Amino acid sequence: MLNVKALYTEYPNDKGEIVKAAQNVTFEVPEGKLFTLLGPSGCGKTTTLRSIAGLERPKSGDITVGGTAVYSSSNNVFIAPNKRNFGMVFQSYAIWPHMNVFQNASFPLDVGNRKFSKKQIEEKVMRVLTAVGLDHVADREATKMSGGQQQRLALARALVMEPKLLLLDEPLSNLDAKLRERMRFELKRMQRELGLTTIYVTHDQSEALALSHEIAVMSAGHIVQIGSPRDIYERPRNKFVADFVGLTNFLDATVEAAETTTEGGYRVNSTIGQMSVTSFEQFGKGDAVLISVRPEDVELYEQRPEGVNVIAAKVDFKVFLGEYMDYQVKVGDHQVLARVHPSFKASVGDTVYLRMNPEKCISIQDDTKYKKAA
Ligand SMILES: Nc1ncnc2c1ncn2[C@@H]1O[C@H](COP(=O)(O)OP(=O)(O)OP(=O)(O)O)[C@@H](O)[C@H]1O
Ligand SMILES: [Mg+2]
């Protein structure tokens with residue numbers, strides 16, 4: 001449905017230097033799917049979205065929607081943003097102050113090419129206002145709304161047209177935690193029900209994991225990994241992705257041998273001892289790798305359990321967090337974080353045993369290529 005190929009977008013900064021905001025950005029979004037651009041502040045998410053919307057003119061690349069080019073540097077195509085018929089919510093959303101809530105939401109239907117009856121408009125508008133929780137204030141002047149309400153109104157206005165492509169730039173950023181979670185749920189339900197092809201921009205990894213069919217993780221203008229939420233979380237391809245998406249333990253290690261019994265398995269010598277690990281890349285004996293293990297994949301026991309990757313440690317610190325507990329344990333000088341059920345009880349200074357399923361110990365290349373943007 002949407003095809004973005006080798007997109008480069010640059011800006012001149014105050015000093016006249018070139019800021020490479022989006023570099024060789026390539027991805028594809030099938031019809032009806034929600035695709036997220038995820039990354040830290042300044043990595044190029046908004047730039048990419050604005051390029052798709054036609055609000056920035058990229059330096060080069062191709063963008064096609066449903067097989068039709070809306071931008072192509074080689075064929076000199078640039079369709080004006082208002083001709084692209086996309087629904088949009090910007091990071092700095094804009095609502096019309098001289099209209100009430102209902103009028104703001106119905107505006108795209110009033111001015112659009114397709115004509116609707118009064119009853120149809122009423123139905124469509126109340127449906128989206130209900131979805132964003134603003135149906136009870138439909139008559140209120142838009143200026144008399146809080147920031148979070150205005151943001152929800154902007155979202156309702158983008159949804160009401162059921163656009164062929166919906167572009168959302170941090171649409172939930174101004175909401176408190178509870179409301180954000182509810183809206184996240186509503187948005188997902190509506191997107192799935194209406195089958196709206198959506199590009200979603202966020203720096204919030206839990207939002208990305210919860211909403212997306214696919215996620216592209218961006219760093220310093222580049223896409224560093226594309227995959228399903230599960231892929232991105234469980235099979236990070238590099239240190240940047242493992243670090244940015246979720247919490248993880250990193251252990252330096254050297255490859256000793258390929259495991260003969262399991263595919264993609266290796267024996268490594270790590271800073272906390274010998275381990276069996278999994279890899280999605282080929283490594284050779286002597287290669288330096290980084291092992292990523294999520295805190296929830298580090299099991300803790302009071303007695304030495306059966307199995308592989310069992311290592312003795314000392315409890316250094318613990319934090320009670322309600323539904324789980326974080327144990328900071330030490331293996332020699334090395335810290336490991338374990339997230340366990342609160343029923344596990346050990347005291348600071350106690351000896352405990354770690355067990356890590358080899359399938360959850362992922363060896364990756366230590367990439368220095370993609371630095372975390374400031
Ligand atoms: N109009 C502009 N002129 C000059 N530089 C710009 C302009 N817009 C963005 N940039 C720069 O381009 C880079 C990418 O910016 P972009 O707004 O795409 O980041 P982002 O990923 O959306 O970040 P955030 O999460 O903070 O919104 C940054 O270095 C930014 O400073
Ligand atoms: Mg942005």
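Since the structure is predicted, the reported quantities are computational estimates derived from the model, not experimental observations. Each ligand, and each atom within it, is numbered from 1 in the order the structure gives.
For a distance bound of 2.8 Å, the N, O or S atoms of Thr47 include none lying that close to the Mg ion (ligand 2).
The distance from ligand 1 to the heavy atoms of Tyr11 drops below 4.0 Å at these ligand atoms: 1 (N), 2 (C), 3 (N), 4 (C), 5 (N), 6 (C), 7 (C), 8 (N), 9 (C), 10 (N), 11 (C), 12 (O). Close contacts between ligand 1 and Thr46 involve ligand atoms 17 (O), 18 (O), 20 (P), 22 (O), 27 (O) [criterion: under 4.0 Å to a heavy atom].
Remark: ligand 1 and Val19 share no N or O pair separated by less than 3.5 Å (distance only, no angle test). Inclusion of Gly44 in the set of residues having an N or O under 3.5 Å from an N or O of ligand 1 is warranted. Note: an N/O pair closer than 3.5 Å links Cys43 and ligand 1 by distance alone.
Relative ring orientation between Trp96 and Phe107 is described as tilted, the plane-to-plane angle lying within the 30° to 60° band.
At a threshold of 4.5 Å between non-hydrogen side-chain atoms, the residues Glu281 and Ser363 do not count as touching.
Counting heavy-atom neighbours within 6.0 Å of Lys20 NZ, excluding the residue itself, gives a total of 12 or less.
Residue Thr47 touches ligand 1 through backbone and side chain together, judged by heavy-atom distances below 4.0 Å.
With respect to Glu10 and Lys59, a salt bridge is recorded, a charged nitrogen being found less than 4.0 Å from a carboxylate O. Ion pairing of Glu122 with Lys118 is absent here, as no side-chain N (NZ or NE/NH1/NH2) approaches a carboxylate O to less than 4.0 Å.
For Ser60, the side-chain contact (heavy atoms from CB on, under 4.5 Å) test picks out Tyr8, Ser73, with sequence neighbours left out.
Residue contact check for ligand 1: Pro12 places a non-hydrogen atom closer than 4.0 Å to it. The shell of residues lying under 4.0 angstrom from ligand 1, judged by heavy atoms, excludes Gly39.
The backbone N or O of Lys360 lies less than 3.5 Å from no partner atom in the side chain of Arg294, so there is not a single donor-acceptor pair.
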